[in-house]
Amino acid sequence: MAETHLSERAGSQERELLGHPIGLAVCFLTEMWERFSYYGMRTILVLYLVKYHLFDAGKASMIYGAYAGLVYMMPIIGGYLADRYLGSRKAVTYGAILLVAGHSLMAAHGPHAERYLTIDGNEYQVEFVEAADNKTNQTEFITMDGTRYRVDAVKDESGRSAGINLVAEGQEDRLIATADYDIRIKQHSEYLSIFFLALALIITGVGFLKANISTIVGALYGPNDPRRDGGFSIFYMGINLGSVLSTALVGYVGEKYGWNYGFGLAGIGMLFGLLVFLGGQKLLEGRAEPSNPAILKEKSPIGINKEWTIYLSGILMVALAWFLMHYQEFVGQLLGLSGFVMVGILVLYSIMNCEKEDRQRLWVATFLIVFQMFFWALFEQQAASLTLLADQQFDLDFLGITFLASQVQLLNPLFIVIFAPVMAWLWVKLNHKKLEPSTPAKFAISMLLIGLGYVVFAWGMGLDDSTEKSFLWMVFIYMSLTLAELCLSPVGLSMVTKLSAPRIVGMVMGTWFLFTAMGNYAAGWISSLAGAAEHGADAGLLDMAATMDVYTTIGLIAIGVGAFIFVMTPLLKKGMHGVH
């Protein structure tokens, strides 16, 4: 029995903490603070775009989708550069520095965008006042002929804008109704460019950090170590612990005290992550170092050593991301093309460089990488349409606590922190009894859970046409998202490190994040389908009929994908050749 135990752990880091390699603690804390910064900023991003820069709900969703898509696309480049040159330690450090710069720049957001209302040839600037019940973007007022009027949107039977009512403040009987008006939005383009530059720094920083911190976790375990899935689940709990803290704190600070203060707090969290990683290098025992340090000292074609050439290329990646953030639709095309190319590269590599078993394992990994895209398209609604729904359609008082719209997102990481240890224990327990579902089966279960969640959630929203819907429906959808996530995401990261050819594990991990990127972009596109199409007093609001239709459709598609993966599971399991 002792010999079997030692054989299983061959190649794993010998020094342990609480039954796992001690280096896991460094990765846990680094990723916790990095996710604190990322998820903290993400909780308020769409609300900030709608309420501060006055984008309509559809455009704000597309900006979010392009940003989130690029965030998960860049790791394919960062993973390759770490594999080929930098090593994980240098890549993670460089990425963290870019992230600190990006989050810090987010705090410089400039003046509020301005909205002007033209009635009978006269233009009036709209004044925004936060609504006391926090149910809409803002309450809007104009001053006309010395009287201050509240601007109320009027809807027709289909829920579309049919005009506005101007209600005299303090004199509800003084009402002016009109369907003949124009809206002009004045955004401050110079500050939007700074905002997109901040996003570009974050995008590139994640590119260097995200895939490589996960690769370090994989490097702590030998190829047959049964603790690997549990280790990734613990690592994933660290991600979500950071998310719990950030959604509670950054969302509150951002909505209550100012968006710039919220973004600044997220940047402080990333600084902590950088310091933790630099201070914990001894505990990694060299498992994050470059495979060939000498190559970094060689001169590149531009006359400086290759290490500094890579850092300079990172700045060029920032410039490219900044450009792409201005053209969100092009991001989707770029992601689709990149995904097609990367699948081709992996298949070609497997044919030319792998023996039969390794080749088929890589094919299974590629299949699952492609299909996880559907999961993220549904999962990432929480930062887009689900946040707008929380702000506009739900009673946020629950169990004596009044949530802000951004804070509703903490339900997901809170459930993760609660259930991740349970799931880690469950997989080990089922493994000992030879009942643990295979990795493909876990993917199928995940898709069924998230699909059913959206179908039921859409049905539940249709039961109540008020803007005070029960918060229990939010609890339900986030529970569905969480259980589905636990069946797919940590298991998927582990799957990549187990099924990849050792020489390209970073590139395969990057491909995982590339298809995650496609799912994130699709999430923004799906959310945009639920947004009100027209500018006006309700331009930031979701179209509820469209939202319920969209949720039902994506839920049914996810159920179909889950059923297909179940059918393919025996073939996929055979192609894994004993890897669990």
**OP:** Would you indicate whether the side-chain heavy atoms of Gln393 and Asp464 approach each other to under 4.5 Å?
**Re:** no
**OP:** Taking Ser446 for its side chain and Lys442 for its backbone only, find out whether a donor-acceptor pair lies under 3.5 Å.
**Re:** no
Original post:
Considering the options Leu334, Val206, Leu324, Asn520, which one meets the side chain to side chain contact (heavy atoms under 4.5 Å, CB included) requirement together with Met73?
Top reply: Leu334
**OP:** Check the pair Arg42, Gln382 against side chain to side chain contact (heavy atoms under 4.5 Å, CB included), reporting the backbone distance first and the verdict last.
**Re:** CA-CA 10 Å; Arg42 193 188 73 157; Gln382 61 181 298; 3.7 Å; yes
Subject >> Side-chain heavy-atom pair Leu481, Leu449 within 4.5 angstrom cut-off >> reply: no
Subject >> Full working for side chain to side chain contact (heavy atoms under 4.5 Å, CB included) between Val408 and Thr387 >> reply: CA-CA 7 Å; Val408 175; Thr387 291; over 6 Å; no
**OP:** Report the relative orientation of the aromatic rings in Tyr252 and Tyr257; use parallel for angles under 30°, tilted for 30 to 60°, perpendicular for over 60°.
**Re:** perpendicular
Original post:
Any donor and acceptor pair, going by atom type alone, linking the side chain of Gln328 with main-chain N or O of Ile63 inside 3.5 Å?
Top reply: no
**OP:** State, to 0.1 Å, how close Phe371 and Val561 come at their nearest heavy-atom pair, and which atoms those are.
**Re:** CD2-CG1, 3.8 Å
Subject >> is_close_aromatic(Tyr48, Phe195), centroid dist under 6.0 Å >> reply: yes
Original post:
At what distance, to the nearest 0.5 angstrom, does CG of Leu166 lie from CG of Leu117?
Top reply: 6.5 Å
Original post:
Ring centres of Tyr94 and Tyr311 under 6.0 Å apart?
Top reply: yes
**OP:** Take the angle between the ring planes of Phe443 and Trp512 and call it parallel below 30°, perpendicular above 60°, tilted in between.
**Re:** perpendicular
Original post:
Gln407 side chain to Ala248 main-chain N or O, any donor-acceptor pair under 3.5 Å?
Top reply: yes
**OP:** Please state whether the rings of Phe375 and Phe379 are parallel, tilted or perpendicular, taking 30° and 60° as the class boundaries.
**Re:** parallel
Original post:
So, the side chain of Thr247 versus the backbone of Val244: is there a donor-acceptor pair under 3.5 Å, distance only?
Top reply: yes
Original post:
Got more than 12 heavy atoms from elsewhere within 6.0 Å of OH, Tyr191?
Top reply: no
**OP:** Give a yes-or-no answer on whether the side chains of Gln381 and Ser385 include a donor-acceptor pair shorter than 3.5 Å.
**Re:** yes
Subject >> Candidate list Trp322, Phe330, Phe323, test ring pair (Phe, Tyr, Trp, His ring centres under 6.0 Å), partner His326, passing option >> reply: Trp322
Original post:
Is the backbone of Ala523 close enough, under 3.5 Å, to the side chain of Ser527 for a donor and an acceptor to pair up by distance?
Top reply: no
**OP:** Provide the closest heavy-atom pair for Gly273 versus Thr30 in the form atom of the first, atom of the second, distance.
**Re:** O-CG2, 3.9 Å
Subject >> Ring centers of Phe471, Phe403 separated by less than 6.0 Å >> reply: yes
**OP:** Indicate yes or no: at least one non-hydrogen side-chain atom of Leu404 is less than 4.5 angstrom from one of Leu396.
**Re:** no
Original post:
Can you tell me how far OG1 of Thr204 sits from CD1 of Ile97, rounded to the nearest 0.5 angstrom?
Top reply: 13.5 Å
**OP:** Can you label the angle between the Tyr52 ring and the His112 ring as parallel, tilted or perpendicular, going by 30° and 60°?
**Re:** tilted
**OP:** Check the angle between the aromatic planes of Tyr67 and Tyr64 and answer parallel, tilted or perpendicular using the 30° and 60° thresholds.
**Re:** tilted
Original post:
Which residue, Thr467, Asp465, Leu389, forms the side chain to side chain contact (heavy atoms under 4.5 Å, CB included) with Met544?
Top reply: Leu389
Subject >> Heavy-atom closest contact (Ala458 atom, Thr552 atom, distance) >> reply: CB-OG1, 3.4 Å
**OP:** Please tell me if the side chains of Phe55 and Ser61 come closer than 4.5 Å, counting only heavy atoms from C-beta onward.
**Re:** no
